[in-house]
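What follows is a set of notes on a single structure, which appears directly below.
Predicted, not measured: the structure shown is a model, and the values here were computed from it. Remember, it's 1-based here, ligands and their atoms both numbered in the order they're listed. Throughout, residue positions are numbered sequentially from 1 according to the sequence presented.
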Amino acid sequence: MALLSAFEPETNAPPLPPEVTQALFMERTMSVSRLESFAVCPYRHFVEQGLSPKPRKEWTLTPIDAGNFYHSALEGFTRLLPTIPHWPKIDKKTCDAMVDQAAEPLFEQLLSGVMGDSARMRAQGEKYRRVLKRVAWTFTRGAKQSAFSPQSAEVKFGYGEGTPPVALTLKDGSTVYVRGIIDRIDRYEGDAGVYLRVVDYKSGTEKLDAARIFWGTQLQLLLYLRAALSQEENAQPAGAFYMRVADPLEADREDTAQVEDALARALCLRGVALKDAAILRAMDDGSPPLTLPKVLTASGDFDQRAMLANLEDMKALIGHASQMAAQWAEKMRAGEIDASPLCDQKLKGPCEYCDYAAICRRDVSRAPENARRMQEMHFDALLEEINKRKA
Ligand code: SF4
């Protein structure tokens with residue numbers, strides 16, 4: 001308790017003493033999620049990473065377990081692709097068999113876990129299998145009308161990994177290195193050169209949000225894109241996307257053409273794409289598109305609602321994410337532990353789902369007094385603002 005009371009949260013709290021900061025936060029390498037966690041609330045980051053309380057573990061299947069299962073299975077599926085000469089020109093049966101092969105070791109692991117080979121675990125496994133088959137088939141259908149192909153899966157970047165870490169230079173001249181795992185890198189080589197896009201699998205409906213990019217709480221996709229581009233000289237950024245891994249349709253619905261199209265709409269890539277009609281067509285030349293939401297109108301113009309950035313803007317976005325990441329690393333190293341959650345205009349934010357409210361002693365039924373308020377932002381306004389700052 002002595003340690004807790006010494007670090008009670010307060011607005012504009014004095015920084016941690018240098019010796020404490022030195023002991024807790026001076027690593028040279030950190031993950032993107034850690035930087036994002038600091039951006040959302042420095043005090044929560046301090047409790048989570050510094051005090052590191054260990055919540056009691058309950059042996060149940062949580063959504064995290066499902067997420068890990070899907071990630072590993074899709075990694076296995078992607079690794080099988082080079083062994084199937086005609087992929088993506090395969091039928092659904094072949095695609096299902098590939099999922100079975102890729103996921104088999106994971107099913108065995110699931111049934112030999114602490115919950116054992118029970119009816120409940122078998123039902124859970126069957127649900128995972130159904131989701132994976134629908135996702136893999138949607139991915140395969142989309143690939144049939146795309147010139148981008150999966151280049152690698154679960155790409156680790158960081159020290160000692162095949163791909164170098166993202167280096168951030170701080171104001172004092174020191175360097176912090178960012179590590180991570182990119183779920184998938186897709187590649188296209190056309191007349192104008194090589195283009196890469198990164199894809200991150202999410203079981204929820206995560207979307208890129210202009211305000212969150214601006215405030216530096218959504219760094220992941222853009223830093224992953226920077227890491228992917230470091231793999232290949234002269235490669236250009238084609239985009240950075242989330243891909244939903246879920247089955248939003250009823251389990252027992254027959255896989256008709258309408259069901260498959262509804263799935264494609266629900267699971268399409270969501271993120272920022274290069275504003276280049278040729279590259280957008282290389283990503284998806286179908287009508288209707290299956291892998292991207294509508295980015296071009298019928299007359300071939302760019303759809304105003306799409307998140308599109310030209311090459312300079314794409315570089316500016318990566319530069320902004322890098323600058324924000326460096327800023328968080330600097331503040332972390334300076335011992336900042338303000339309980340200043342980043343909220344929306346209605347003061348909704350991280351306090352509502354924070355595990356550490358009891359330590360922070362915040363009354364979660366009331367709006368936080370010292371929140372930073374994030375205003376909604378249109379993507380064009382974000383580009384304008386970050387380009388202004390760059391100038
Ligand atoms: S309850 Fe809110 S202010 Fe307190 S640590 Fe959690 S996010 Fe931060």
(request) With atom 2 (Fe) of ligand 1 as the centre, enumerate protein N/O/S atoms below 2.8 Å in chain and residue order. (result) Cys351 SG
(message) Regarding Glu385 and Arg389, does a basic nitrogen lie under 4.0 Å from an acidic carboxylate oxygen?
(response) yes
(request) State, with a plain yes or no, whether a side-chain heavy atom of Phe241 is found less than 4.5 Å away from one of Arg197. (result) yes
(message) Regarding Lys133 and Asp100, does a basic nitrogen lie under 4.0 Å from an acidic carboxylate oxygen?
(response) yes
(request) Using modelled atom types only, decide if a donor and an acceptor are shared between the side chain of Arg372 and the backbone of Val40 within a distance under 3.5 Å. (result) yes
(message) Could you check whether Asp209 pairs with Lys207 (Lys NZ or Arg NE/NH1/NH2 to Asp/Glu carboxylate O, under 4.0 Å)?
(response) no
(message) Between Glu189 and Arg187, does any NZ, NE, NH1 or NH2 come within less than 4.0 Å of an OD or OE carboxylate oxygen?
(response) yes
